[in-house]
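Taking it in order: structure first as structure tokens, then the write-up.
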Amino acid sequence: MSDATARVADATGNWVDTRAPSWSRPYLRLSRFDRPIGSWLLLMPCWWSAALAADVSRAIGQLPLVVVLFFIGAFVMRGAGCTWNDITDRDLDAKVERTRSRPIPAGQVSVPQALAFLVLQALIGLLVLLQFNRFAVMTGIASLIIVAVYPFMKRITWWPQVVLGLAFSWGALMGFAVILGRIDLTALALYAGSIAWVIGYDTIYAHQDAEDDALIGIKSTARLFGARTHRALAVFYTLAVALIGIALVLAGARWPAWIGLAAFAAHLVWQIRRLEISDPALCLRIFKSNRDAGLLLFAGLLVDAVMRASV
């Protein structure tokens, strides 16, 4: 086993490196607590759907608790998903400069230890899920199928970002399942819009590894689109805004939600204009900025829900 304090190449200077106990660092890195942006991106559709479902129901009584539980669940289950991803990708990660220092290929954690940690995180996620109604519990469990197959998609399809979108957007269904006890056309439109958003931002993320991926035969939309990435992003981000807009129409959303969507759309336009696919550091910064885009939309949806409930 290598030194547990050794840092991961693409995540340095964070609280895990400087403050966490040495024994915990490899596990915190497995679950990506040293770089929580993925947890935030998983959380955004959860919060969108919770706010929009509360808007539809015209009641926000349970919304604060749902928001907190979604926050915990998103961070724990993203950690479990990343642990599973690192287990399945350990041989590939060892061949990529950016990922070869991750805990498993670096020898900081064995596969059995990683599996045990995966089970622990999944159990915590299950405890969160069991706080909801039966329909929501079954809906949440169904997402595990997509999570399980995702790591293998980049080996067989140029579109692994679609499968990631299916998984990372599942929260767009969960808010409706939790608050309304159903998944309707509004929820499906929100889900579809979120999938388009995920395809866009993960294409940006994948450009960091495009050269290494080409060498080892890993497929991605970043490699598929190449120099056409800006046009592809325009298509997917336009789809995202249009489909989320359809969800707002179906929900009868009012002006605060539309302002939130407009701010979200403006942020996506800024991303496309700013992006340089040959600059990995810039790709990472723009990818991370999607948390802010998601929060802008959530703020509009939340204000709308609160205003409607108070009428």
Side-chain angles (χ1 to χ4, degrees), residues 32 37-42 44-45 48 77-78 80-82 84-93 95-96 98-99 142-173 187-244 246-247 264 268 271-272 275-278 280 283-284 286-291 293-294:
R32 306 294 195 271
I37 181 60
S39 301
W40 281 105
L41 294 176
L42 180 63
M44 287 300 101
W48 296 349
M77 292 311 297
R78 190 255 180 163
C82 287
W84 171 243
N85 190 77
D86 281 9
I87 291 170
T88 59
D89 281 359
R90 59 190 183 277
D91 295 331
L92 295 175
D93 284 345
K95 300 176 183 178
V96 176
R98 188 176 62 84
T99 58
S143 70
L144 297 179
I145 299 172
I146 304 172
V147 174
V149 302
Y150 165 68
F152 304 101
M153 292 299 101
K154 55 179 156 303
R155 297 165 171 86
I156 62 176
T157 177
W158 288 102
W159 293 89
Q161 279 69 27
V162 173
V163 184
L164 182 70
L166 294 171
F168 260 59
S169 300
W170 201 261
L173 305 177
L188 293 174
L190 185 66
Y191 182 53
S194 180
I195 291 170
W197 179 52
V198 175
I199 294 171
Y201 72 58
D202 201 60
T203 296
I204 296 172
Y205 182 83
H207 269 291
Q208 296 178 93
D209 298 324
E211 292 184 5
D212 284 335
D213 287 349
L215 290 174
I216 61 179
I218 294 300
K219 299 177 174 67
S220 72
T221 50
R223 290 187 60 207
L224 177 65
F225 299 148
R228 300 170 297 165
T229 292
H230 287 80
R231 280 178 284 173
L233 289 177
V235 170
F236 284 108
Y237 279 171
T238 298
L239 275 173
V241 172
L243 288 164
I244 294 170
I246 290 172
F264 175 77
L268 301 187
Q271 289 181 38
I272 296 171
L275 179 66
E276 294 289 344
I277 62 174
S278 60
C283 289
L284 182 60
I286 292 176
F287 163 75
K288 287 182 176 180
S289 76
N290 277 281
R291 181 195 68 169

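Bear in mind that the values here come from a model prediction, so they are computed numbers and not experimental data.
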Rounded to the nearest 0.5 Å, how far does [atom2] of [Y] lie from [atom1] of [X]?
X	Y	atom1	atom2	answer
Trp170	Leu144	CH2	CG	9.5 Å
Ser289	Ile204	OG	CD1	7.0 Å
Leu190	Ile246	CG	CD1	11.5 Å
Leu92	Asp212	CG	CG	11.5 Å
Ile37	Arg78	CD1	CZ	8.5 Å
Ile199	Leu164	CD1	CG	9.0 Å

Is [Y] close to [X] at the side-chain level, that is, under 4.5 Å between some pair of heavy atoms?
X	Y	result
Val198	Met44	no
Gln271	Leu233	no
Ile286	Glu276	no
Arg32	Ser39	no

Exercise. Between Lys154 and Asp89, does a salt bridge (charged side-chain N to carboxylate O under 4.0 Å, His left out) hold up when you go through it step by step?
Worked result: CA-CA 10 Å; Lys154 55 179 156 303; Asp89 281 359; 2.8 Å; yes

For this session: With sequence neighbours left out, write down each residue that passes side chain to side chain contact (heavy atoms under 4.5 Å, CB included) with Val147, or none if nothing qualifies.
Result: Ala167

Nearest atoms (heavy-atom pairs only) where [X] meets [Y]:
X	Y	value
Ala148	Pro151	O-CD, 3.5 Å
Arg155	Lys219	O-NZ, 3.6 Å
Gly193	Ala240	O-CB, 3.3 Å
His230	Ile272	CD2-O, 3.0 Å
Gln208	Cys283	CG-CB, 4.3 Å

Would you say [X]'s side chain and [Y]'s backbone share a donor-acceptor pair under 3.5 angstrom?
X	Y	answer
Arg291	Lys288	no
Trp48	Gly294	yes
Arg231	Ala227	no
Arg223	Ile218	yes

Problem set entry | Residue pairs passing the side chain to side chain donor-acceptor pair (under 3.5 Å) test where at least one lies in residues 193-204, sequence neighbours excluded | Gln161-Asp202, Ser169-Ser194, Trp197-Asn290, Thr203-Thr221

For this session: Give the ring-plane orientation class for Trp84 versus Phe152, where under 30° counts as parallel, over 60° as perpendicular and anything between as tilted.
Result: perpendicular

For this session: Could you tell me how the ring of Phe287 sits relative to the ring of Tyr205: parallel (under 30°), tilted (30 to 60°) or perpendicular (over 60°)?
Result: tilted

Problem set entry | Residues, nucleotides or ligands: over 12 heavy atoms within 6.0 Å of Ile216 CD1 | yes

Problem set entry | Aromatic centroids of Trp159 and Phe225 separated by under 6.0 Å | yes

